[in-house]
Engineer: 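This is the structure I have questions about; it appears just below.
Every chain is numbered from 1 and lettered A, B, ... according to where its sequence line falls, protein lines coming before strand lines.
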2 protein chains.
Amino acid sequence: MKSTDSTSLERPGSLLARLRRRGLRLTAQRRVIAQALEEAGVHLTADEVFERAVARLPELSRATVYNTLNQLRALGEICEISLDDGPRRYDPNVTERHQHLVCDSCGTVRDVIPSGDVSLPEDQQHGFVINEVQVIFRGLCPACAKPSRP
Amino acid sequence: MKSTDSTSLERPGSLLARLRRRGLRLTAQRRVIAQALEEAGVHLTADEVFERAVARLPELSRATVYNTLNQLRALGEICEISLDDGPRRYDPNVTERHQHLVCDSCGTVRDVIPSGDVSLPEDQQHGFVINEVQVIFRGLCPACAKPSRP
DNA sequence: CTCCATGCAAAAGGTTTGCACTCCC
DNA sequence: GGGAGTGCAAACCTTTTGCATGGAG
């Protein structure tokens with residue numbers, strides 16, 4: 001595998017830069033995986049990441065994609081979202097606090113910033129220590145909402 | 001399979017009663033599946049449902065559990081929740097509007113009723129038609145929060 | 001009696017793992 | 001050079017499906 005001129009690839013806040021800073025080795029595989037994740041406007045499944053990444057690096061294997069995604073998640077550099085059906089999707093945006101908007105028809109996921117606030121009253125906390133509140137807005141994207149049948 | 005004296009089993013709002021009202025046939029399999037779902041205080045995975053149900057009806061098969069859960073969900077009589085890892089869980093409480101509280105350590109899920117409200121400002125809706133807002137509170141349950149190491 | 005429902009087993013995803021080889025640091 | 005990282009293939013886990021049998025209504 002050709003060694004990479006990493007300096008040109010590491011924009012300060014990029015996934016790749018964060019990866020390096022965490023002490024992970026900078027390999028070609030990780031580079032194409034990070035690129036695939038960041039370049040996509042929507043949140044990809046592991047398989048979609050693989051497809052896009054393997055286009056740039058044909059010897060890439062699926063296992064490496066899964067391993068890398070899991071490592072990144074463990075480090076908190078990406079987050080994983082499970083919808084009710086279909087495979088998990090991965091979100092490289094972890095620096096900005098946000099929630100998700102999901103199309104129930106085609107499965108597309110977008111980042112959104114909601115207004116307002118929810119919380120759990122004491123009597124609803126059941127003794128839990130609450131760390132995070134996750135909100136998923138569900139509905140239909142513009143394309144799927146159109147009842148067009150020409 | 002022995003026919004069941006269904007009257008004694010159908011408390012008015014029970015899953016079983018709702019099942020019957022929807023025109024589904026009342027079988028022993030569906031009965032034990034509904035019982036398993038309703039008797040558990042927490043929300044079970046398909047496999048947990050199977051385990052508990054098969055204890056009462058040894059000839060029950062996994063496929064039937066999945067089929068039945070899917071039918072119930074399609075009818076809107078139960079709801080399915082996907083956490084970020086582990087299999088999906090099923091919630092028989094669909095009559096009361098509620099959200100979920102999840103333990104990140106052991107995976108337990110409880111129903112809760114939050115206060116406050118979130119919404120998406122126009123400029124965050126991306127043209128979507130929003131149908132539902134799902135909220136998941138994540139944290140540690142009392143048992144898992146305890147740092148006990150005797 | 002007629003279908004819906006079931007069991008079984010196989011298949012279909014999606015994801016993880018063991019092992020030997022590779023290559024970054 | 002050493003150990004993290006990788007590819008491959010097989011294993012795993014969860015869920016779905018095809019088909020023949022069985023039982024509810």
Side-chain angles (χ1 to χ4, degrees), chain A residues 1-7 9-10 16 19-34 43-51 53-54 56-75 78 80-90 107, chain B residues 1-7 9-10 16 19-34 43-51 53-54 56-75 78 80-90 107:
Chain A
M1 223 113 298
K2 195 116 106 327
S3 178
T4 320
D5 173 10
S6 46
T7 51
L9 295 161
E10 291 187 27
L16 212 58
L19 234 167
R20 174 193 241 339
R21 208 175 311 127
R22 293 305 201 105
L24 294 200
R25 289 187 184 169
L26 216 309
T27 67
Q29 289 80 343
R30 284 172 176 167
R31 177 173 51 77
V32 294
I33 290 171
H43 303 334
L44 305 177
T45 63
D47 207 64
E48 288 165 345
V49 171
F50 173 72
E51 280 172 25
V54 83
R56 288 207 179 88
L57 187 72
E59 41 282 302
L60 179 66
S61 87
R62 256 184 195 77
T64 297
V65 172
Y66 280 104
N67 288 339
T68 301
L69 291 174
N70 285 340
Q71 289 171 124
L72 289 173
R73 182 184 33 136
L75 293 174
I78 63 175
E80 188 186 73
I81 44 193
S82 295
L83 291 330
D84 286 328
D85 56 62
R88 306 170 195 163
R89 293 174 178 271
Y90 296 87
Chain B
M1 222 116 297
K2 193 117 105 327
S3 177
T4 322
D5 173 10
S6 47
T7 51
L9 296 162
E10 294 188 26
L16 211 59
L19 234 169
R20 176 194 241 337
R21 209 177 309 128
R22 292 307 200 102
L24 294 200
R25 288 186 185 169
L26 216 309
T27 67
Q29 288 83 343
R30 284 171 176 168
R31 178 174 50 77
V32 293
I33 290 170
H43 304 334
L44 306 178
T45 63
D47 207 64
E48 287 165 347
V49 171
F50 173 72
E51 278 171 28
V54 83
R56 289 207 179 89
L57 186 73
E59 42 281 300
L60 179 66
S61 86
R62 258 185 194 78
T64 298
V65 172
Y66 279 104
N67 288 338
T68 302
L69 291 174
N70 285 338
Q71 288 170 123
L72 290 172
R73 181 184 32 133
L75 292 174
I78 63 176
E80 189 185 71
I81 44 193
S82 296
L83 291 330
D84 286 331
D85 58 62
R88 306 169 195 167
R89 293 175 178 271
Y90 296 87

Engineer: Distance only, no hydrogens: is a donor on one side chain within 3.5 Å (strictly under) of an acceptor on the other, for B/Gln71 and B/Arg30?
Structural biologist: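 Yes, because at least one side-chain N or O of B/Gln71 sits under 3.5 Å from a partner of the opposite role on B/Arg30.
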Engineer: Between B/Thr68 (side chain only) and B/Thr64 (backbone N and O only), is there a donor and an acceptor less than 3.5 Å apart?
Structural biologist: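 Present.
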Engineer: Does C/dC23 have OP1 or OP2 sitting under 4.0 Å from an N or O in the side chain of A/Gln29?
Structural biologist: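 No, outside the criterion.
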Engineer: Give B/Asp47 one of three labels, base, sugar-phosphate or nothing, depending on what nucleic acid heavy atoms sit under 4.0 Å from its own.
Structural biologist: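 If one applies the 4.0 Å heavy-atom cut-off, B/Asp47 turns out to touch nothing in the nucleic acid.
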Engineer: When you measure from the side-chain N and O atoms of A/Asn70 to the phosphate of C/dT15, is any distance below 4.0 Å, counting only OP1 and OP2?
Structural biologist: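 No.
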Engineer: On DNA chain D, check which nucleotide each of A/Asn67 and B/Ala46 is closest to and give me the residue with the more 5' one.
Structural biologist: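 Nearer the 5' end of the strand: A/Asn67.
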Engineer: Any donor and acceptor pair, going by atom type alone, linking the side chain of A/Arg89 with main-chain N or O of A/His43 inside 3.5 Å?
Structural biologist: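 Flag set: sc A/Arg89 to bb A/His43 pair under 3.5 Å.
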Engineer: Provide, to the nearest angstrom, the distance between the CG atom belonging to B/Leu69 and the P atom belonging to C/dA5.
Structural biologist: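 In whole Å, C/dA5 P lies 14 Å from B/Leu69 CG.
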Engineer: By nearest atom, which of the nucleotides D/dC8, C/dC8, D/dT14 is closest to the B/Ala63 side chain?
Structural biologist: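 The closest nucleotide is C/dC8.
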Engineer: Side chain to side chain contact (heavy atoms under 4.5 Å, CB included) for B/Glu59 and B/Leu57? Distances and angles first, verdict last.
Structural biologist: CA-CA 6 Å; B/Glu59 42 281 300; B/Leu57 186 73; 3.3 Å; yes
Engineer: Looking only at non-hydrogen atoms, find the nearest pair between A/Leu24 and A/Leu75 and report the distance.
Structural biologist: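 Looking at all heavy atoms of both residues, the shortest contact is CD1-CD1, 3.8 Å.
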Engineer: Among C/dG14, C/dC25, C/dT6, find the nucleotide with the atom closest to the side chain of B/Thr68.
Structural biologist: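 Given the options C/dG14, C/dC25, C/dT6, the side chain of B/Thr68 is closest to C/dT6.
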Engineer: Using a cut-off of strictly less than 4.0 Å, decide whether A/Gln71 has a side-chain nitrogen or oxygen near OP1 or OP2 of D/dA4.
Structural biologist: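 No, because none of the side-chain N or O atoms of A/Gln71 sits under 4.0 Å from OP1 or OP2 of D/dA4.
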Engineer: D/dC8 C1' sits how many Å from A/Arg62 CZ, rounded?
Structural biologist: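 For the pair A/Arg62 CZ and D/dC8 C1', the rounded distance is 12 Å.
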Engineer: Could you give the CD-to-P distance, from B/Glu80 to D/dT16, as a whole number of Å?
Structural biologist: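 Interatomic distance, CD of B/Glu80 to P of D/dT16: 8 Å.
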Engineer: Atom OH of A/Tyr66 to atom C1' of D/dA9: distance rounded to whole Å?
Structural biologist: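 One finds 15 Å between C1' of D/dA9 and OH of A/Tyr66, rounded.
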Engineer: Write down the distance between CD (B/Glu48) and P (D/dT15), rounded to a whole number of angstrom.
Structural biologist: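 Computing the B/Glu48:CD to D/dT15:P distance gives 11 Å.
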Engineer: If the cut-off is 4.0 Å, is A/Thr64 near the phosphate of D/dG7, judged by side-chain N/O to OP1 or OP2?
Structural biologist: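 Yes, because at least one side-chain N or O of A/Thr64 sits under 4.0 Å from OP1 or OP2 of D/dG7.
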Engineer: What's the closest nucleotide to the side chain of A/Pro87 if the choices are D/dG7, D/dG25, C/dT15?
Structural biologist: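 Shortest atom-to-atom distance from the side chain points to C/dT15.
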Engineer: Nearest whole angstrom, please: distance from the C1' of D/dG25 to the CG of B/Leu26.
Structural biologist: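 That distance rounds to 11 Å.
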Engineer: A side-chain contact here means heavy atoms from C-beta on lying under 4.5 Å apart; do B/Leu19 and B/Arg22 qualify?
Structural biologist: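 In short, these two side chains do not touch, never coming nearer than 4.5 Å.
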Engineer: Taking 4.0 Å as the cut-off, does a side-chain nitrogen or oxygen of A/Thr27 come that near to OP1 or OP2 on D/dT6?
Structural biologist: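 Answer yes for this pair, as a side-chain N or O of A/Thr27 is under 4.0 Å from OP1 or OP2.
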Engineer: Between the two end axes of the helix from C/dC1-D/dG25 to C/dC25-D/dG1, each built from 5 base pairs, what angle do you get to the nearest 10°?
Structural biologist: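 Terminal axis comparison yields 40°.
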Engineer: Whole Å only: how far is the CG atom of A/Leu83 from the P atom of D/dT14?
Structural biologist: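 Between P of D/dT14 and CG of A/Leu83: 20 Å.
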Engineer: Between the protein and nucleotides 1-4 of chain C, list the N/O to N/O atom pairs that are separated by less than 3.5 angstrom.
Structural biologist:
| from | atom 1 | to | atom 2 | distance (Å) |
| --- | --- | --- | --- | --- |
| C/dC3 | O2 | B/Arg25 | NH1 | 3.4 |
| C/dC3 | O2 | B/Arg25 | NH2 | 3.4 |
| C/dC4 | O4' | B/Arg25 | NH1 | 3.2 |
| C/dC4 | O4' | B/Arg25 | NH2 | 2.9 |
| C/dC4 | O2 | B/Arg25 | NH1 | 2.9 |

Engineer: How close do B/Thr45 and B/Tyr90 get, heavy atom to heavy atom, and via which atoms?
Structural biologist: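 Closest pair (atom of B/Thr45, atom of B/Tyr90, distance): C-CD1, 4.5 Å.
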Engineer: What is the distance, rounded to the nearest whole Å, between atom CG of A/Leu57 and atom P of C/dC23?
Structural biologist: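 Distance, rounded to whole Å: 11 Å.
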Engineer: Where the side chain of A/Ser82 meets the backbone of B/Leu83, is there a donor-acceptor pair that is under 3.5 Å apart?
Structural biologist: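 Yes; judged by distance alone, with no hydrogens or angles, the pair exists.
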Engineer: Locate the shortest heavy-atom distance separating B/Leu16 from B/Leu26; write the atom from each residue and the value.
Structural biologist: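 So the two residues come closest at O-CD2, 4.1 Å.
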Engineer: Would you say the side-chain atoms of B/Arg62 pair up with the backbone N or O of B/Phe50, donor to acceptor, closer than 3.5 Å?
Structural biologist: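 Checked: no pair found.
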